Amino acid sequence: LANTVQLMNVMAKAYAEEVPVTVTADRGKYDKKKNKIHLEKNVVATTDDGTRLVTEALDMSPSDHVVETDLPTQVKRDNINVEGTGARAETNLKKVKFQKNVTVVVQNAEDKETGPTTITCDGTLVVDYEKNIAHFKDNVVAQDSRGKLTADTMDVYYNRVSRRVSKIVSAGDVVIENPDGNKTYSDSVIYLADEGRIILGGDTEALYFSGDASTTVGKGVLGS
């Protein structure tokens, strides 16, 4: 077709807010009338500041400064690796939205005892790399060697200097479980990682196991 140009061994540069993104793929096609590019097989988009997106098909809209796919996608930046199905991003990859089946792994390189922090959710996830925050929705589970935190929604704040999770704000049927099996139920929780504090909000119930199970109802602050 006159309006479609077939592409092979693609390497292209796109610009958004003067931030260049290099995109490579085995093949693709360019719709001149719609000004849209569809890329397929071994698609990799990288930015000069270190973000790397990998998928098997990607649609680019140069005029809208948007890239999107409905296939499994991986985005890696710093020590954070994100995988999910379906993704939409600004061309500069400063903000990426994943649709579903999300897994995020934060490698705590300087804290080998804690190990990596893994966060999963059914979707959606919006990662704002410029503001260093990730918004998780639906069946969110955050876990490391210190325990597990589940909630309906979770905002995870990331410190680019220390390369660690600095704060987690959770809401909706929040459950905290430590390695001993003790559980705390709350309407909302703020976890301040740097201070090792957990701030509970709303109705709170703590269930402790020490031979016999005991239940404590209250509201307040827990230490690490």
Side-chain angles (χ1 to χ4, degrees), residues 21 23-26 28 36-47 50-61 64-108 114-158 163-177 183 188-189 191 193:
V21 176
V23 184
T24 60
D26 289 358
K36 292 185 182 295
I37 302 169
H38 176 76
L39 302 175
E40 292 181 348
K41 199 166 178 60
N42 298 319
V43 183
V44 180
T46 55
T47 65
T51 305
R52 177 183 174 90
L53 180 151
V54 179
T55 188
E56 280 300 298
L58 190 68
D59 293 306
M60 300 179 64
S61 302
D64 298 329
H65 304 297
V66 168
V67 297
E68 57 187 331
T69 178
D70 57 4
L71 297 182
T73 303
Q74 180 186 67
V75 177
K76 184 172 179 61
R77 176 166 176 158
D78 297 327
N79 57 322
I80 302 177
N81 189 76
V82 186
E83 296 182 4
T85 301
R88 179 183 173 90
E90 301 170 356
T91 306
N92 56 26
L93 301 183
K94 287 185 177 180
K95 182 182 287 188
V96 184
K97 180 178 182 178
F98 292 85
Q99 295 299 329
K100 59 184 180 180
N101 304 329
V102 174
T103 300
V104 178
V105 178
V106 182
Q107 295 288 348
N108 298 316
T114 302
T117 300
T118 301
I119 308 167
T120 60
C121 72
D122 292 343
T124 57
L125 163 67
V126 177
V127 184
D128 190 326
Y129 289 103
E130 196 166 38
K131 295 181 180 178
N132 304 313
I133 182 173
H135 306 276
F136 295 81
K137 289 185 178 181
D138 298 333
N139 191 29
V140 190
V141 180
Q143 189 167 13
D144 63 21
S145 62
R146 295 168 294 187
K148 181 167 69 173
L149 176 63
T150 64
D152 293 338
T153 66
M154 198 176 291
D155 292 342
V156 178
Y157 295 79
Y158 173 71
R163 293 195 169 191
R164 295 180 61 181
V165 172
S166 60
K167 181 171 71 171
I168 298 176
V169 179
S170 306
D173 295 324
V174 183
V175 181
I176 304 169
E177 182 176 357
K183 293 183 179 181
S188 63
V189 165
Y191 171 51

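We use all heavy atoms of the structure for the numbers below, so side chains are in, but hydrogens, waters and symmetry mates are not. If you're wondering where the values come from, they're calculated on a predicted model, not measured in any experiment.
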On a heavy-atom basis, the closest approach of Asp138 and Gly123 is OD2-O, 2.6 Å
Quick check: closest heavy atoms across His135 and Ile133, and the distance to 0.1 Å? CE1-CD1, 3.5 Å
Kindly indicate whether the side chain of Val82, heavy atoms from C-beta on, has any atom under 4.5 Å from the side chain of Val96. no
Please report the shortest heavy-atom distance between Pro116 and Asp144, naming the atom on each side. O-CB, 3.5 Å
Partners passing side chain to side chain donor-acceptor pair (under 3.5 Å) against Gln74 (at least two apart in sequence or in another chain): Asn81, Glu83
Minimum heavy-atom separation for Asn42 to Glu56, with atom names? N-OE2, 3.2 Å
Any chance you could lay out the side chain to side chain contact (heavy atoms under 4.5 Å, CB included) test for Glu177 and Lys148, step after step, and finish with the verdict? CA-CA 5 Å; Glu177 182 176 357; Lys148 181 167 69 173; 3.8 Å; yes
N/O donor-acceptor pairs under 3.5 Å from side chains in residues 66-73, not counting sequence neighbours:
{"unit_1": "Glu68", "atom_1": "OE1", "unit_2": "Arg88", "atom_2": "NH1", "d": "3.0"}
{"unit_1": "Glu68", "atom_1": "OE2", "unit_2": "Arg88", "atom_2": "NH1", "d": "3.3"}
{"unit_1": "Thr69", "atom_1": "OG1", "unit_2": "Ala57", "atom_2": "O", "d": "2.7"}
{"unit_1": "Thr69", "atom_1": "OG1", "unit_2": "Leu71", "atom_2": "N", "d": "3.1"}
{"unit_1": "Thr73", "atom_1": "OG1", "unit_2": "Thr55", "atom_2": "OG1", "d": "3.4"}
{"unit_1": "Thr73", "atom_1": "OG1", "unit_2": "Leu71", "atom_2": "O", "d": "2.9"}

If you measure from CG on Asp78 to CG on Asn132, what distance do you get to the nearest 0.5 Å? 8.0 Å
NZ (Lys95) and CD (Glu90) are apart, to the nearest 0.5 Å, by 6.0 Å
Output the distance between atom CD (Gln99) and atom CG (Asp122), rounded to the nearest 0.5 Å. 13.0 Å
Approximate separation, where rounding is to 0.5 Å, of Leu58 CG and Leu53 CG: 6.5 Å
Can you find a pair of side-chain heavy atoms, one from Thr103 and one from Thr118, that are under 4.5 Å apart? yes
Using only heavy-atom distances, determine whether the side chains of Ser61 and Lys36 contain a donor-acceptor pair under 3.5 Å. yes
Distance only, no hydrogens: is a donor on one side chain within 3.5 Å (strictly under) of an acceptor on the other, for Tyr158 and Asn79? yes
Give a yes or no on this: more than 12 heavy atoms of other residues, nucleotides or ligands lie within 6.0 Å of atom NZ of Lys76. yes
Determine, stepwise, if the pair Val75 / Leu93 fulfils side chain to side chain contact (heavy atoms under 4.5 Å, CB included). CA-CA 9 Å; Val75 177; Leu93 301 183; 6.0 Å; no
Exercise: identify the closest heavy-atom pair between Ser188 and Val174: CA-CG2, 3.9 Å
Verify, without hydrogens or angle tests, whether Asn92 (side chain) and Lys94 (backbone) share a donor-acceptor contact under 3.5 angstrom. yes
From Asp173 atom CG to Asp152 atom CG, the distance as rounded to the nearest 0.5 Å: 5.0 Å
Got Leu149 and Met154 here, is their nearest side-chain heavy-atom distance under 4.5 Å? yes
Compare every heavy atom of Lys97 with every heavy atom of Val126, then report the nearest pair and how far apart it is. CG2-CG, 3.8 Å
